[in-house]
Novice: 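Got a structure here, written out as structure tokens. Questions coming.
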Amino acid sequence: MNSLIPLMVIVPILCALFLNLLHKKDRTIKIIAIILALILPALPILANYGLHYFGGYVPLIENPTLGTDLPSLITGTALNTFHPAITYSFQSAQKIFVFILGLVGLLAVFTSLFETRRPSGVYGYMMFMGIAAITAVLLTDDIFNLYVFFEIAALATVGIVLVSNIKGNYETALKYMILGGIAAPMLLLGVALLLGVTGNVNITDIIYSLKNGLVNPQSPVLLMACGLIVFGWLYGSGLPPFHTIKSAVYSKALPSGAALVQAFSVFTFIALGVIILRIFSYLPFSQWVILGVSLLAMILGITMAILQTDLRRMIGFLAVGELGYIGIGLGLGTVSGITAGLFQAVNEAVITAFLFIGFGTVLYQTGISDTRKLGGMMVRNPKVALLVLLAGFAMAGVPPLNAFQSKLMLIQASINAGLPELGVIMILLSIVTFMTFMKAFHAVFLRPKPADLEIKNENIPKATIIAMLVFLVVCIVFGLFPQVVTSYLQPLATSLGGVV
Amino acid sequence: MIIDTQLASLFTAVALIIIGIFAAAFLDNLIKKVIGLAFIGDGVNLFIVSMGYKAGGIVYIYLPGMAADWFSQNASYPLPFAMVLTSIVIGASTMAVMLGIIIVLYKKHGSLKASEILGD
Amino acid sequence: MNLYDLIVKKIKDIQGTDDESPITNISTSSMLTAEITLISSILVALIMLRLVSKILMIVAVLVVLFAFLVAMPLMPRFKKEQNDSLAAMMFYVILALAIVIALFYWGNLNV
Amino acid sequence: MIEYLFMLTAILGAVLALMQRDLLKSAILTGITGASIAILYQYLLAPDVALTQAIVGAAIIPVFFALAVYKTRRMEE
């Protein structure tokens, strides 16, 4: 049933609007939000693969009755195969991405409803709106539609930061918007230049025009478009130079919001990265830029993470640094590399959300995020401590868990591609990631409790622990049976890697 | 040398983008920074619209009595225009959110200086 | 004065006196780790230049190693550079925009 | 020929808006840029975009800025 494809975007938007209406009624919001959030991961599982044309405008070639009256100027040329409608394409890779996004969204909404005393409709609104926007970014085959939802996702991120009530959130939100005010128009300009050269906004059609010599692929305007889209990609996913602001955004959101916002970054990274690879893979230079930026993100993100004393900021920088692994997979350009990169993206979205929610329990109990003032939380909640430790193991890539599989695949792919140095750097930075995590873990859980530390909320909500357990199960399942995920990702990787 | 309308408006667009980036980067007043961002958005929109322009062409509205061939050769290209409509609205809403945050920050800090409010 | 004290002193010098927070064991060791990670990963990454030219790779590695040794505690400066102030962020954003566009324009025309 | 004039006013309006010390004047001058761009859209054969820009760029955005100035402070310090 292809009618489920637009529903993946429409349902969260409807949820968002509906929740906003029920602003004051706490109980109703809780129940409705959970029921609606349960639909999010279920939809991609139920939907069949296929294309969805909004408005039903299929390409002329699929609708011969319309084409009979038209002159051969239209039916005899490439215009016959072009897509006139906004097209959403739902393939196997999108299935797993939208499912993971829905899962993270569900668990984030779930924890937020039980952690905040008064569930507010606005927070739920922002979360659902962001999920809708990122789902559309993942599904869309229309590059302008992508820009629109990219902007909506940025606004939703700002909204999530604004409602968090953490000191300095307004300042961070304004900085993010000002930088976005420069970067997002640049992305639009890149889209516009592509449109100007090829006369199309549909990605499949743009690639067709480039491949079949309808436009000159070496035209400087196209190179400029590629550069501008890469710049928008840096902004959307928080790669350097946007890594400081992105980690600040993570650290100023509530833990559940941060878990969701980092999933937004990961999937924006994937969606735009795949588009850059699809359109511009004929420029070998674009892959080198992806590799270089990813390396820089890894090195800067992880070295900055060690130096932080703020717990949230530390995980924020780690999340930015881990993005680099995905980029290296994409930048290698081989089928195995791209599969590994996409697999790492799926794992990354789950694990970082797990970590944010895990350390979020500490914030919930104490309200402090400075590692120098924390300590001794292990005694109060050994179960939570164990779960957080497992999340850290997963992020560092300890064997039975999922990131081990994807990092191993990445290292193998980099060796096969003739760049063993990348493998060395990835191993080195994994170790440092683990060290950073252990530093935070030691400071929060293992060290004796400082005398002046007050515990505000004694009990962690059951919902948070359930959410963490679900994340753990996902980590273990993906770690033991990586084929489950990679078989979904393989077709996309083959189509991308086959180009090179 | 005579510069035609399309080229001139492309240059105008680029000038607006550069003025906007300059304002957003170097001016210290928050409201002026936001004004600069508005100019960047305007410039990009103007750039897109100028791409769809056709010198000596007609508006892309198909009136009864026009020959289809003549129309398709003379009409401007409407796809960029449809994009700009969306983009204008997105820009306006982003601007509104930014100004809202600025008002909140002014109440908190009593100043509009970026170096004071957003420094560090 | 042993090596540890030397490092602490150097970090103190660069941080300046305005930062009152004490330099603890953990912060020193994390600073050291960050320093070593940064240097080693950049040096390993530079080896990839061998795809362009082997001599260039050797020269680049030696030059960068020497530069690092001279400017040794890099990390405090790095941290200071990547602060949260909007002006610094804006500077790097515009620099990145210029670099990305210049790279794509020249990189592709001349490769 | 008249469209060149509007290009000039658009750029001049932008520069002048940024040069004012009085933020209310800046807000009004953004309206001039917005209006000139709206007229330019008309010359560039995009009447529907011109209508939207005339409403958003020449009326709504200056009013937003003016409201923000009214709620904060009028003179740049």
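In what follows, chains are A, B, ... by sequence order, proteins preceding strands, each numbered from 1.
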Novice: Name the region of L422(A), side chain, backbone, both or neither, that has any atom closer than 4.5 Å to a heavy atom of chain C.
Specialist: side chain
Novice: Please state whether the side chain, the backbone, both or neither of L429(A) comes within less than 4.5 Å of a heavy atom of chain C.
Specialist: side chain
Novice: With only heavy atoms counted, which part of L179(A) is less than 4.5 Å from chain C, the side chain, the backbone, both or neither?
Specialist: side chain
Novice: Who among I302(A), L234(A), L295(A), L419(A) has the most heavy-atom pairs with chain C under 4.5 Å?
Specialist: L419(A)
Novice: E171(A), R313(A), Q308(A): which one forms the most heavy-atom pairs within less than 4.5 Å of chain C?
Specialist: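 Winner by heavy-atom pair count: R313(A).
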Novice: Measure L95(C) against the heavy atoms of chain A and call it side chain, backbone, both or neither at under 4.5 Å.
Specialist: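 Neither part.
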Novice: Is a donor from one side chain sitting under 3.5 angstrom from an acceptor on the other, for S265(A) and Y250(A)?
Specialist: yes
Novice: By a 4.5 Å heavy-atom criterion (distance strictly below it), what part of M298(A) contacts chain C: side chain, backbone, both, or neither?
Specialist: neither
Novice: Using 0.5 Å steps for rounding, measure from the CE atom of M89(C) to the CG atom of N83(C).
Specialist: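 Nearest 0.5 Å value for the CE-CG distance: 7.5 Å.
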Novice: Using only atom types and a distance under 3.5 Å, with no angle test, would you say the side chain of K246(A) pairs donor to acceptor with the backbone of G236(A)?
Specialist: yes
Novice: Might you point out which heavy atoms bring S40(C) and L428(A) nearest each other, and give the distance in Å?
Specialist: OG-CD2, 3.5 Å
Novice: Between Y282(A) (side chain) and P217(A) (backbone), is there a donor-acceptor pair under 3.5 Å?
Specialist: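 Between the backbone of P217(A) and the side chain of Y282(A) there is a qualifying donor-acceptor contact (under 3.5 Å).
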